[in-house]
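Just below is one structure, and these are the notes that go with it.
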Amino acid sequence: MPQLSTLSPGLRPPADCPVPPGHRTAAPAEPRAGRLRRAAARLTPADRAVLWLYLLTRISLWITAHFARWLFPARPGTREAAPVLAPFQRWDANHYLHIARDGYFPAGTGPWTSGWDNREAFFPGYPFLLRAVHTVVPDWTAAGLLISFVAGAVAVLALARIARTYLPENAAGRRTAVLFLLSPCAVFLAAGYTEALFLAFALPAWLAAVRHRWALAAVLTALATTVRVSGLFLAAAVALLLVLTAREKRDRRNWRAAGWTLLPALPPAAYSWYLHVYTGDWMAWKHAQERGWHRTFHTPWEAWANTWSGAFGHTQTTGYALMFQAELVAMLVGLALVAVLLYRRRWPEALYVALSLWALGTSYWYTSIPRATLLWWPLWIGLAALSLRRPWFRTAYLSVAAPVTTLVALTFLTGRWAG
């Protein structure tokens, strides 16, 4: 009898023919349903509890959006509510829609055009994905909400797993998820913004780095840099963690992985090259932010003074003044977080948050720092640790966060954000 390996590819031994020792037969292709069941089986009960909590908070937010379009119409006295998804298509979501639909420089328009919307300030990762999803989901707003919904689930699951690596308590992951999902700016995780997608790459990247899977961490961080410039801050933190790990363990394998830390710089470099081709400006995205959002460089104390004047100097309407007050509070929270991380010798995490504060705190005045708190995963893990040690803190946090979160959500959903 000839050996099985010598049979022609089209022949197979009969069912009762024994397979020679050491020979492996090809496994049949696993059905998609089977793969999904196997992926679901990898979720622990703690993971499922976090995802269930995530779903409940999404339902709560959608209910808020539904009532907002009926109770707070754009025009007083109207007898017809806005479309169902209209509350979510606000502000930056429109910029992403325009980029995804028309590109960065449609019909030869650009910064040289009167009334230009400075869309090149936004990195291409989210608009490209939005355009891809739109081929399946015809409505642009629904496509953006679907991206944020899926990305948010990935992000909150990764955050809970990171928390469990930091904290010994069994409830650490779920507690962190609760504080994060009920944070004041949590509405931006559900809207067609970049926070959820960025975290869907950044948090698994950090989890991979903590587990010393440097190649995976670099690839995920590179994807994060296609979404937000904050990905470069994450890349710096991952690189520092690699160096500290290599020095501590004296393992050459960690040093050999150092080359991966350069990968996250490629997407921003490619985007800068693209913008240079069209505008002749390598830093066109930065200059667009300066034109549209007053992000010209100022010293930290000048930025603080200008923001303080906007908050308490009676130079702005009450809505804008309140937003500037929130910016000041968020900056103080960030500075306190950096101080705690340095005290705890959490050098990579401190570097990540400090770079974020430097970028946001050196403009003419503060802009979007409260939203940026969503990206500071050490903050939510630290608050969870405090609430586990001091049970009263959870009650105090939720008592304050619940009304603030609801008001911020209503402010955004009714088109009153930023004043």
Side-chain angles (χ1 to χ4, degrees), residues 90-100 102-106 108-127 185 188 193-195 198 224-236 265 267-311 313 315-317 320-321 323-324 326-328 330-331 334 353-373 375 417-419:
R90 307 284 187 185
W91 306 100
D92 290 358
N94 289 318
H95 286 289
Y96 296 121
L97 186 154
H98 296 156
I99 297 170
D102 307 321
Y104 277 100
F105 307 105
T109 57
W112 51 87
T113 305
S114 176
W116 181 242
D117 60 4
N118 300 304
R119 65 182 64 185
E120 67 272 25
F122 301 93
F123 275 42
Y126 182 87
C185 289
F188 293 101
Y193 274 53
T194 58
E195 277 76 7
F198 175 81
T225 60
T226 70
V227 181
R228 296 175 67 101
V229 71
S230 307
L232 293 176
F233 310 153
L234 174 65
Y271 182 51
S272 294
W273 173 82
Y274 167 80
L275 293 178
H276 179 263
V277 169
Y278 279 88
T279 67
D281 183 2
W282 288 100
M283 297 296 291
W285 64 270
K286 179 67 169 62
H287 296 149
Q289 291 189 353
E290 294 173 354
R291 290 191 305 268
W293 293 270
H294 304 288
R295 292 187 183 272
T296 53
F297 179 80
H298 286 71
T299 61
W301 45 92
E302 288 177 325
W304 175 273
N306 292 333
T307 308
W308 184 274
S309 176
T315 60
Q316 305 289 331
T317 60
Y320 277 108
M323 295 300 172
F324 282 126
E327 298 284 348
L328 293 171
M331 173 58 75
V353 179
L355 289 174
S356 177
L357 289 176
W358 177 261
L360 295 169
T362 53
S363 300
Y364 176 78
W365 51 31
Y366 301 158
T367 306
S368 302
I369 300 180
R371 278 172 50 197
T373 61
L375 312 183
W417 181 251

Atom pair [atom1]/[atom2] of [X] and [Y] - distance to nearest 0.5 Å:
| X | Y | atom1 | atom2 | result |
| --- | --- | --- | --- | --- |
| Thr307 | Ile369 | OG1 | CD1 | 7.0 Å |
| Asn306 | Thr315 | CG | OG1 | 9.5 Å |
| His95 | Thr194 | NE2 | OG1 | 12.5 Å |
| Glu327 | Tyr320 | CD | OH | 12.5 Å |
| Lys286 | Arg291 | NZ | CZ | 11.0 Å |
| Leu328 | Trp304 | CG | CH2 | 4.5 Å |

Could you name each residue pair satisfying side-chain hydrogen bond (donor to acceptor under 3.5 Å, both in side chains) that touches residues 353-368, not counting sequence neighbours? Ser356-Trp376
Are any of the side-chain heavy atoms of Tyr104 and Tyr271 separated by less than 4.5 Å? yes
Any Phe233 side-chain heavy atom under 4.5 Å of Val353 side chain: no
Check the orientation of Tyr274 and Tyr278. Use parallel for under 30°, tilted for 30 to 60°, and perpendicular for over 60°. tilted
Parallel, tilted or perpendicular: which fits the ring planes of Trp112 and Phe105, with parallel below 30° and perpendicular above 60°? parallel
Checking side-chain polar atoms at under 3.5 Å, does His287 have a donor or acceptor matched by the opposite partner on Asp281? yes
I need the minimum non-hydrogen distance between [X] and [Y], along with the two atoms involved.
| X | Y | result |
| --- | --- | --- |
| Ala303 | Gly361 | CB-O, 3.4 Å |
| Tyr193 | Tyr96 | CA-CE1, 4.3 Å |
| Ala100 | Pro127 | CB-O, 3.4 Å |
| Gly231 | Thr225 | C-CG2, 3.4 Å |
| Ala330 | Pro370 | CB-N, 3.7 Å |
| Asn118 | Gly292 | ND2-CA, 3.6 Å |

For [Y], does its backbone N or O pair with a side-chain atom of [X] as donor and acceptor, under 3.5 Å?
| X | Y | result |
| --- | --- | --- |
| Ser309 | Ala305 | no |
| Glu290 | Thr296 | no |
| His98 | Asn94 | yes |

For the residue pair Trp293 and Phe122, is the inter-centroid distance of their aromatic rings smaller than 6.0 Å? yes
Which residue is it: Arg119, Arg228, Arg371? I am looking for the one with a salt bridge (charged side-chain N to carboxylate O under 4.0 Å, His left out) to Asp92. Arg371
